[in-house]
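Just below is one structure, and these are the notes that go with it.
For reference, positions follow the sequence shown, starting with 1.
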Amino acid sequence: MKKHGAEVKQLQAADYLSAELVDAEAAFYLLGSDAPPVMSYTSIIAFASIEAAESFQKLHGGKIMTFSEVLAQH
């Protein structure tokens, strides 16, 4: 994303609970929960709604972030 910027036409993320693809920029991300990481060293999982992210966070820990907040960290 940082490298290709304007060339990127669409970004999608898989909602952790449903596996449905959602708009990556509208999704909410939970970083550092006890969910096993996929393709990274840190657990970063996407949710279609803030409510789903908050419910999962209560049981599994981690920090909820927006797409732009995640990009700023990486």
Side-chain angles (χ1 to χ4, degrees):
M1 178 70 184
K2 288 180 180 181
K3 183 177 179 182
H4 296 285
E7 296 175 35
V8 176
K9 301 295 182 211
Q10 184 178 35
L11 290 171
Q12 294 182 315
D15 177 84
Y16 187 75
L17 299 175
S18 69
E20 291 184 25
L21 294 178
V22 297
D23 178 357
E25 294 182 67
F28 296 89
Y29 298 87
L30 184 61
L31 281 72
S33 73
D34 64 6
V38 178
M39 296 175 40
S40 66
Y41 292 112
T42 303
S43 179
I44 304 173
I45 53 179
F47 295 89
S49 72
I50 188 70
E51 294 83 9
E54 289 171 340
S55 291
F56 194 89
Q57 179 190 40
K58 286 178 185 174
L59 297 172
H60 302 279
K63 179 179 180 183
I64 298 172
M65 302 178 91
T66 64
F67 181 79
S68 58
E69 291 171 332
V70 172
L71 279 185
Q73 283 199 347
H74 292 80

Worksheet item: Looking only at heavy atoms, which two atoms of Ser33 and Ser43 are closest? And how far apart?
Response: OG-OG, 3.5 Å
Practice prompt. Output the distance between atom OG1 (Thr66) and atom CD (Glu25), rounded to the nearest 0.5 Å.
Written response: 10.0 Å
Item to complete: Search all heavy atoms of Ala48 against all heavy atoms of Asp15 and return the closest pair with its distance.
Response: N-OD1, 2.7 Å
Item to complete: Answer with yes or no whether the hydrophobic clustering places Val70 together with Leu11; edges join I, L, V, M, F, W, Y residues whose side-chain heavy atoms lie under 4.5 Å apart.
Response: yes
Fill in: Residue pair Ala46 / Ala13: nearest heavy atoms and the distance that separates them
CB-CB, 3.8 Å
Worksheet item: How far apart are the closest heavy atoms of Thr42 and Gly32, and which atoms are they?
Response: CG2-N, 4.1 Å
Item to complete: Give the cluster check for Phe67 versus Val22: same hydrophobic cluster or not, with ILVMFWY residues linked at side-chain heavy-atom distances below 4.5 Å.
Response: no
Could you pull out all donor-acceptor pairs under 3.5 Å where a side-chain atom in residues 51-65 meets a protein atom, sequence neighbours excluded?
| from | atom 1 | to | atom 2 | distance (Å) |
| --- | --- | --- | --- | --- |
| Ser55 | OG | Glu51 | O | 3.1 |
| Gln57 | NE2 | Gly62 | O | 2.8 |
| His60 | ND1 | Asp34 | OD1 | 2.7 |

Discussion item. Contact between Leu30 and Tyr16 at the side-chain level, heavy atoms closer than 4.5 Å - yes or no?
Written reply: no
Discussion item. Please say yes or no: joined through hydrophobic side-chain contacts below 4.5 Å, possibly via intermediate residues, are Leu31 and Ile50 part of one cluster?
Written reply: no
